[in-house]
Amino acid sequence: EEGWTSTCFGSFGQNASVLASRKPRKIVETCAIARRYGGESECIRYAAMDIAGTYTGGKEAARLCDSSSVELRGTCYRAIGLMLHHLKATRDERNAECRSTSKVPRYVAQCVRGTTEKASIPGLAR
């Protein structure tokens with residue numbers, strides 16, 4: 001159904017991450033399947049959140065972002081920030097973690113932006 005498309009491709013991304021043992025290249029290949037259906041971005045986004053949550057930080061997830069197409073990287077880094085909102089106690093900790101994920105200012109900015117957003121993530125709602 002149309003209203004569930006985002007949720008479906010997000011779940012696909014989380015599953016892609018787990019099944020690929022969180023290896024970026026394999027996740028990118030799997031998420032590419034969703035491209036023709038308009039779901040690649042959500043797939044990468046949720047895979048990044050899965051990786052960040054698994055490792056309780058953004059560095060490992062940033063490898064996925066950097067392996068993704070340039071068009072998806074901002075969304076991917078923003079997803080890392082979203083998870084950091086739940087994983088790091090203070091704004092300073094979140095921002096420091098974002099700065100450690102990339103040397104590219106626009107990606108750091110996307111990560112920081114994500115830390116200010118709230119989303120309904122099962123098990124992590126605060």
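Since the model is a prediction, treat every value here as computed from it, not as a measurement. Numbers for residues simply follow the sequence, beginning at 1.
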Any chance you could measure C31, atom SG, to Y46, atom OH, to the nearest 0.5 Å?
-> 13.0 Å

Nearest heavy-atom pair of A61 and A52: which atoms, and what distance?
-> CB-N, 3.9 Å

Q110 CD to S102 OG distance, which is reported to the nearest 0.5 Å | 11.0 Å

With sequence neighbours left out, what residues match R91 under salt bridge (charged side-chain N to carboxylate O under 4.0 Å, His left out)?
-> none

Smallest separation among heavy atoms of A20 and K26, with atom names = CB-CG, 3.5 Å

Residues sharing I80's hydrophobic cluster, by side-chain heavy-atom contacts under 4.5 Å among ILVMFWY, directly or via others?
-> V70, Y77, L84, V104, Y107

Measure the OG1-CG distance between T115 and L82 for me, rounded to the nearest 0.5 Å.
-> 9.5 Å

Atom pair OG (S67) and NZ (K23), whose distance is rounded to the nearest 0.5 Å = 13.0 Å

What distance separates R22 CZ from D50 CG, expressed to the nearest 0.5 Å?
-> 4.0 Å

Determine whether T7 and S11 make a side-chain contact, defined as any pair of heavy atoms from C-beta on separated by less than 4.5 Å.
-> no

From OG (S6) to CZ (R45), nearest 0.5 Å = 6.0 Å

Nearest heavy-atom neighbours spanning F12 and C43 = CD2-SG, 3.6 Å

Cluster partners of I44, using ILVMFWY side-chain heavy atoms under 4.5 angstrom, listed by chain and number?
-> I27, V28, I51, Y55, L64, L72

Taking only Lys NZ, Arg NE, NH1 and NH2, and the carboxylate oxygens of Asp or Glu, determine whether R94 and E97 approach each other closer than 4.0 Å.
-> no

Test: E117 and R78 ion pair at under 4.0 Å = yes

Looking at K88 and E93, does any basic side-chain N land under 4.0 Å from a carboxylate oxygen?
-> no

